[in-house]
Amino acid sequence: MNNIKSILNLSNYHIAKRDVIPWWQSYLIRVIAILVALVVCGVITIALTDLNPIEVYVTMFEGAFMTPRRVWFVLQNTAMLLCVALAVTPAFKMKFWNIGAEGQVLMGGFATAFCVIVFGEKLPTSVLIPVMVLTSIIAGAIWGLIPAIFKSIWNSNETLFTLMMNYIATQIVAYYSLEWSVPKGSGTPRILEKGMLPSLMGNDYLINILVVLAITIFMYIYLKYSKQGYEISVVGESENTARYIGVNVKKVINRTMILSGAICGIAGFLLVAGTDHSIKSDTAGGRGFTAIMVSWLAKFNPIIMILTSFLIVFLDRGASQISERFRLNDSFSDIITGIIIFFIIGCEFFINYTIKRVKTEGGENK
């Protein structure tokens with residue numbers, strides 16, 4: 001009886017940091033978490049809707065891959081989410097909590113639309129597109145640099161600062177969306193016929209995907225093998241240590257946020273010139289916030305981010321198909337998506353930590 005009480009006594013246990021485990025064990029834990037999540041979702045599906053869970057999962061798959069058009073849509077959305085995740089990763093690795101990717105993407109898209117509207121009739125496409133790219137990069141970089149300057153000089157709270165700048169960017173875009181709407185003030189987005197990215201091998205989104213793939217390779221090399229990537233890691237571990245070994249912390253913060261904002265600017269350019277062909281206050285579509293989860297799930301590894309981005313987009317598209325096929329409201333599909341993501345995130349605990357029994361002074365378990 002005493003042994004049973006001892007086992008049930010949670011005070012006899014403590015959480016300890018786990019040693020590095022083999023890569024296959026960590027992936028096995030993730031696979032088990034996904035399988036358990038599917039079982040839980042199946043039980044909830046039966047309880048709430050009386051639907052066959054297998055049929056629901058097949059519908060999710062069809063929602064993402066049933067037709068070539070859906071496949072390209074998933075790949076395009078994966079690429080755009082991945083692009084924003086790559087943008088925030090250097091800042092997060094440096095422990096600069098950049099919550100402003102949404103605004104930085106919007107400002108990149110706004111700069112792209114501005115170039116089309118102002119210079120669209122004056123410049124040939126071969127000149128206009130490079131101008132759009134350069135302007136979007138500068139706009140995103142400036143939007144990222146502003147909070148970095150305040151952080152490096154006055155040690156301001158970057159989380160609040162970058163978050164508030166999202167609202168400013170949203171209102172700027174909302175104002176000019178009305179100014180540029182057709183007819184003016186109607187709120188109908190103006191279609192930007194000039195400066196559209198051309199189709200490649202018959203696919204409208206292929207350029208977007210290839211650009212993001214190039215950024216992924218660049219970011220992997222930059223973070224893992226470059227001097228700048230090493231400085232980002234050192235500053236993230238300890239600013240005092242970085243200063244001790246001669247790293248200019250202020251310079252690293254500013255440089256990293258310029259890079260982060262610039263890549264967000266490219267994402268804004270791709271969304272406006274390659275996908276939507278218009279600018280709206282919701283052009284970023286919440287990717288600036290979802291990208292944070294993508295980056296953390298991948299542990300700041302750009303290659304793994306391809307998989308995490310794809311998973312999030314697949315779940316979103318599949319959930320939408322569930323709502324459409326079975327005439328359920330969006331809340332049910334959100335429940336399914338939320339449960340799966342919860343298990344995926346929660347399994348990281350078992351990868352990084354273990355639960356051990358506290359031993360007595362004599363060396364025996366309590």
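With hydrogens and angles ignored, the 3.5 Å screen pairs a side-chain donor or acceptor of N166 with a backbone N or O of I99. For S152 (side chain) and I149 (main-chain N/O), a donor-acceptor pair under 3.5 Å exists by modelled atom type. Of the possible donor and acceptor atoms, none in the side chain of D276 sits under 3.5 Å from a partner among the backbone N and O of S278. The backbone N or O of M60 lies less than 3.5 Å from no partner atom in the side chain of Q321, so there is not a single donor-acceptor pair. Between the side chain of T45 and the backbone N or O of N52, no donor-acceptor pair lies under 3.5 Å. Of the possible donor and acceptor atoms, one in the side chain of T162 sits under 3.5 Å from a partner among the backbone N and O of E158. At least one donor-acceptor pair closer than 3.5 Å links the side chain of R287 to the backbone N or O of A284. The backbone N or O of V272 lies less than 3.5 Å from no partner atom in the side chain of T275, so there is not a single donor-acceptor pair. When atom types are taken as modelled, the side chain of S181 and the backbone of L178 share a donor-acceptor pair closer than 3.5 angstrom. Between the side chain of T308 and the backbone N or O of M305 there is at least one donor-acceptor pair closer than 3.5 Å.
In this structure, the side chains of V105 and M80 stay at 4.5 Å or more apart for every pair of heavy atoms. The closest side-chain heavy-atom distance from L82 to L86 is below 4.5 Å. In this structure the side chain of L106 never reaches within 4.5 angstrom of the side chain of W143, judged on heavy atoms. Residues Y57 and C41 form a side-chain contact, since some pair of their non-hydrogen atoms from C-beta on lies under 4.5 Å apart. No side-chain heavy atom of F96 sits under 4.5 Å from any side-chain heavy atom of V235.
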Item checked: Steps toward side-chain contact (heavy atoms from CB on, under 4.5 Å) verdict (I146, I142) -> CA-CA 6 Å; I146 293 172; I142 291 174; 4.2 Å; yes

Next item on the list: Give the intermediate values and the outcome of side-chain contact (heavy atoms from CB on, under 4.5 Å) for residues N352 and K299.
Entry: CA-CA 12 Å; N352 297 309; K299 294 187 176 179; 3.3 Å; yes

Notebook entry, point to check: Should E348 and R30 be marked as a salt bridge (charged side-chain N to carboxylate O under 4.0 Å, His left out) after you check the CA-CA gap, both sets of side-chain angles, and the distance that decides it?
Noted result: CA-CA 8 Å; E348 295 297 317; R30 293 186 177 97; 3.0 Å; yes

Next item on the list: Under the side-chain contact (heavy atoms from CB on, under 4.5 Å) rule, what do I312 and D316 come out as? Steps first, then yes or no, please.
Entry: CA-CA 6 Å; I312 298 300; D316 180 67; 5.6 Å; no

Next item on the list: Begin from the C-alpha positions of N157 and W97 and carry the test side-chain contact (heavy atoms from CB on, under 4.5 Å) through to its verdict.
Entry: CA-CA 9 Å; N157 187 311; W97 312 120; over 6 Å; no

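The two residues M132 and A273 make their nearest non-hydrogen contact at CE-CB, 3.8 Å. Closest heavy-atom contact between A37 and I340: CB-CA, 3.9 Å. Of all heavy-atom pairs between F326 and E55, the closest is CE2-OE2, 3.8 Å. Closest of all the heavy-atom pairs between A91 and M257 is CB-SD, 3.8 Å.
The number of heavy-atom neighbours closer than 6.0 Å to CZ of F161, taken from other residues, nucleotides and ligands shown, is above 12. Within a 6.0 Å radius of OH in Y230, no more than 12 heavy atoms belonging to other residues, nucleotides or ligands are found. Annotation: F114, atom CZ; neighbour count of heavy atoms from other residues, nucleotides and ligands within 6.0 Å does not exceed 12. A 6.0 Å sphere centred on CZ of F349 holds more than 12 heavy atoms belonging to other residues, nucleotides or ligands. Enclosure of atom CD in E237 is not indicated, since only 12 or fewer non-hydrogen atoms of other residues, nucleotides or ligands lie within 6.0 angstrom. Dense packing is recorded around CZ of F289, with more than 12 heavy atoms of other residues, nucleotides or ligands lying under 6.0 Å away. Residue-environment remark: OH (Y175) stays at or below the threshold of 12 foreign heavy atoms within 6.0 Å. Heavy atoms of other residues, nucleotides or ligands lying less than 6.0 angstrom from NZ of K151 number more than 12.
Here F300 contributes atom CZ and K93 contributes atom NZ; the two are 8.5 Å apart, rounded to the nearest 0.5 Å. The structure places CZ of R243 at 8.0 Å from NZ of K250, a figure rounded to the nearest 0.5 Å. To the nearest 0.5 Å, atom CD1 of residue I266 and atom CD1 of residue I215 are 4.5 Å apart. Summarising the geometry, atom CD1 belonging to I341 is positioned 4.0 Å from atom CE belonging to M293; distances are rounded to the nearest 0.5 Å.
A salt bridge is defined here as a Lys NZ or Arg NE, NH1 or NH2 lying under 4.0 Å from an Asp or Glu carboxylate O, and E231 with K251 fails to meet this definition.
Checked against the 6.0 Å centroid criterion, the rings of Y205 and F73 do not qualify as a close aromatic pair.
Defined by atom type and a distance below 3.5 Å, a donor-acceptor pair is present between the side-chain atoms of T89 and S295.
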